[in-house]
Asks: 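Take a look at the following structure, please.
Index from 1, following the sequence.
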Amino acid sequence: MSDALSLHVHEVSVGYGRREVVRGLSLAPLRGGCVTALVGPNAAGKSTLLRTIAGLLPMRGRVSLGAVDLAGLSRAERAARIGFMPQSLPGGVALTVMETVMGALRAGGDAAPISGSEMQTRAALALDDLGIGALALETLDKLSGGQRQLASLAQALVRRPDVLLLDEPTSALDLRHQVVVMSILRRLAGEGRLVVAVLHDLALAARWADHVVVLSEGRCAAEGAPSQTISSAVLASVYGVEGRVETCSRGMLQIMVDGPLPPSAQKTGET
């Protein structure tokens with residue numbers, strides 16, 4: 001695997017005002033060709049970390065792609081390398097889905113100019129890839145939450161970046177579209193891209209991710225393969241619940257939550 005597609009997070013701290021959300025965080029390299037899931041409870045720092053890597057928040061520390069310090073890149077240079085999908089698109093936008101995807105392509109900082117016809121073709125392919133080509137002429141303000149989520153994903157994909165940062169890409173989707181999206185992310189990783197997604201659903205992370213980073217209170221509580229990081233001990237110490245992690249007949253991890261733990265037992269993982 002080329003080191004140029006390894007994302008390095010070293011001693012990163014991020015805060016809002018005086019409140020520090022990510023605290024001196026260092027991670028093992030996040031590799032191209034893999035899907036990395038950022039998981040953890042609410043306010044663990046997942047979205048903040050993702051937005052920091054995307055260059056949307058000031059930070060202390062270093063984030064680099066291979067040997068390239070991302071802080072030294074211009075906005076256009078970063079956009080050419082990294083696609084970012086936020087949790088939600090702005091409300092009240094009357095632009096069509098096609099217009100917003102083409103707009104994302106224009107903002108990509110491509111070295112060579114793209115003709116209008118090529119731009120339209122690439123935007124249409126991105127929409128078709130997600131199965132929402134029929135929504136091309138619909139305006140964002142008329143879409144359902146799930147449709148808006150897919151349109152946002154198309155905006156992140158259209159530039160064909162090497163790195164994809166996705167903040168809860170499945171949160172507003174039904175079961176079928178969750179599987180569709182995660183299948184697409186797996187395919188993109190299989191093509192060599194580096195995919196990092198914030199996921200609330202541990203079952204999705206266990207099923208689709210190669211690498212899982214568990215965040216808790218702005219720090220890394222565990223990282224590694226799903227089988228190494230998603231455990232009853234992590235469910236107790238990080239999520240504050242008593243649960244079981246078992247393997248099904250197909251060899252997939254199954255997470256079953258039996259109930260909340262008293263606060264005194266959460267830090268130790270005792271039941």
Side-chain angles (χ1 to χ4, degrees), residues 16 21 35 37-38 42-43 45-57 75-76 78-110 113-161 163-188 193 195-201 204 208:
Y16 301 95
V21 177
V35 175
L38 301 180
N42 292 337
K46 305 180 297 297
S47 295
T48 296
L49 176 60
L50 205 72
R51 289 170 57 82
T52 300
I53 296 171
L56 301 176
L57 294 173
R75 184 173 181 178
R78 191 187 289 253
R81 295 170 182 244
I82 297 175
F84 174 69
M85 174 186 167
Q87 282 188 18
S88 60
L89 293 173
V93 176
L95 294 174
T96 68
V97 172
M98 176 66 81
E99 287 170 335
T100 62
V101 176
M102 290 176 66
L105 189 54
R106 292 188 190 96
D110 293 277
I114 303 174
S115 68
S117 60
E118 172 66 10
M119 198 175 293
Q120 190 167 7
T121 297
R122 285 178 58 173
L125 286 173
L127 295 174
D128 287 340
D129 205 19
L130 294 173
I132 56 171
L135 298 178
L137 300 181
E138 297 290 335
T139 57
L140 285 185
D141 57 352
K142 303 298 183 184
L143 300 184
S144 69
Q147 290 170 334
R148 288 166 62 86
Q149 198 96 336
L150 291 169
S152 180
L153 181 54
Q155 292 177 36
L157 292 176
V158 70
R159 296 196 300 268
R160 302 169 186 166
V163 179
L164 278 169
L165 306 176
L166 311 165
D167 198 353
E168 299 187 38
T170 60
S171 62
L173 302 180
D174 58 33
L175 286 175
R176 181 181 184 278
H177 285 98
Q178 287 180 22
V179 174
V180 167
V181 167
M182 295 308 297
S183 298
I184 289 170
L185 299 187
R186 274 248 51 93
R187 173 172 58 78
L188 294 170
R193 289 179 173 84
V195 179
V196 183
V198 171
L199 296 174
H200 267 297
D201 191 329
L204 284 178
W208 296 98

Asks: How close do M98 and A123 get, heavy atom to heavy atom, and via which atoms?
Replies: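 Reported closest heavy-atom pair: SD-CB, 3.4 Å.
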
Asks: Is a donor on one side and an acceptor on the other found under 3.5 Å between the side chain of R81 and the backbone of V163?
Replies: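 The answer is no, because no donor-acceptor pair under 3.5 Å joins these two groups.
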
Asks: By the definition side chain to side chain contact (heavy atoms under 4.5 Å, CB included), identify the one residue from L199, D201, L173 that meets it with M182.
Replies: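 By the side chain to side chain contact (heavy atoms under 4.5 Å, CB included) criterion, M182 pairs with just one of L199, D201, L173: L199.
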
Asks: Go through the steps to decide whether H200 and N42 satisfy the test side-chain contact (heavy atoms from CB on, under 4.5 Å), and finish with yes or no.
Replies: CA-CA 9 Å; H200 267 297; N42 292 337; 3.2 Å; yes

Asks: Using distance only, find each side-chain donor-acceptor pair of residues 134-141 under 3.5 Å and give its atom names and separation, not counting sequence neighbours.
Replies:
from : atom 1 : to   : atom 2 : distance (Å)
T139 : OG1    : D141 : OD1    : 2.6

Asks: I need the minimum non-hydrogen distance between R159 and I82, along with the two atoms involved.
Replies: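 Between these two residues, the closest heavy atoms are NH2-O, 3.1 Å.
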
Asks: Can you name the residues that form a side-chain hydrogen bond (donor to acceptor under 3.5 Å, both in side chains) with D174, not counting sequence neighbours?
Replies: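 Result, side-chain hydrogen bond (donor to acceptor under 3.5 Å, both in side chains) vs D174: H177.
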
Asks: What are the two closest heavy atoms between V198 and S47, and how far apart are they?
Replies: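 Of all heavy-atom pairs spanning V198 and S47, the closest is CG2-N, 4.3 Å.
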
Asks: Using side-chain hydrogen bond (donor to acceptor under 3.5 Å, both in side chains) as the criterion, list what pairs up with Q147, not counting sequence neighbours.
Replies: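 So Q147 forms a side-chain hydrogen bond (donor to acceptor under 3.5 Å, both in side chains) with S144.
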
Asks: Would you please name every residue forming a side-chain contact (heavy atoms from CB on, under 4.5 Å) with S183, sequence neighbours left out?
Replies: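 For S183, the residues satisfying side-chain contact (heavy atoms from CB on, under 4.5 Å) (neighbours in sequence not counted) are V179, W208.
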
Asks: For V97 and A151, which heavy atoms make the closest approach, and how far apart are they?
Replies: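 Closest approach of V97 to A151: CG1-CB, 4.1 Å.
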
Asks: Just wondering, do L125 and R160 contact through their side chains at under 4.5 Å, heavy atoms?
Replies: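 Counting from C-beta outward, R160 and L125 do come under 4.5 Å.
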
Asks: Under a 4.5 Å cut-off applied to non-hydrogen side-chain atoms, are S88 and S152 in contact?
Replies: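 No, every pair of side-chain atoms sits at 4.5 Å or beyond.
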
Asks: Could you list the residues that satisfy side-chain hydrogen bond (donor to acceptor under 3.5 Å, both in side chains) with T48, not counting sequence neighbours?
Replies: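 Only Y16 meet the side-chain hydrogen bond (donor to acceptor under 3.5 Å, both in side chains) criterion with T48.
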
Asks: Rounded to the nearest 0.5 Å, how far apart are CD of Q120 and CD of E99?
Replies: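 These two atoms lie 10.5 Å from each other.
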
Asks: Using the test side-chain contact (heavy atoms from CB on, under 4.5 Å), find all partners of V180 that sit at least two apart in sequence or belong to another chain.
Replies: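 For V180 the side-chain contact (heavy atoms from CB on, under 4.5 Å) partners, ignoring immediate neighbours, are R176, I184.
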
Asks: Can you see which heavy atom on M102 is nearest to which on G116, and at what distance?
Replies: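 In terms of heavy atoms, the two residues are closest at CE-O, 4.3 Å.
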
Asks: Calculate, to the nearest 0.5 Å, the distance between atoms CG and OG1 belonging to L150 and T170 respectively.
Replies: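 Those atoms lie 10.5 Å apart.
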
Asks: Can you list everything that forms a salt bridge (charged side-chain N to carboxylate O under 4.0 Å, His left out) with R193? Sequence neighbours excluded, please.
Replies: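 Partners of R193 by the salt bridge (charged side-chain N to carboxylate O under 4.0 Å, His left out) criterion, ordered by chain and then number, come out as E191.
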
Asks: What residue among I132, L164, L127, V181 forms side chain to side chain contact (heavy atoms under 4.5 Å, CB included) with L153?
Replies: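 For L153, the side chain to side chain contact (heavy atoms under 4.5 Å, CB included) test succeeds with only one of I132, L164, L127, V181, which is V181.
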
Asks: Going by heavy atoms in the side chains, are V196 and I53 under 4.5 Å from each other?
Replies: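 No, too far: nothing below the 4.5 Å cut-off.
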
Asks: Does anything in residues 123-137 form a salt bridge (Lys or Arg N to Asp or Glu O under 4.0 Å)? List the pairs, not counting sequence neighbours.
Replies: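 Only D129-R187 qualify under salt bridge (Lys or Arg N to Asp or Glu O under 4.0 Å).
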
Asks: With sequence neighbours excluded, what pairs up with S171 under the side-chain hydrogen bond (donor to acceptor under 3.5 Å, both in side chains) test?
Replies: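 Result, side-chain hydrogen bond (donor to acceptor under 3.5 Å, both in side chains) vs S171: Q149.
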
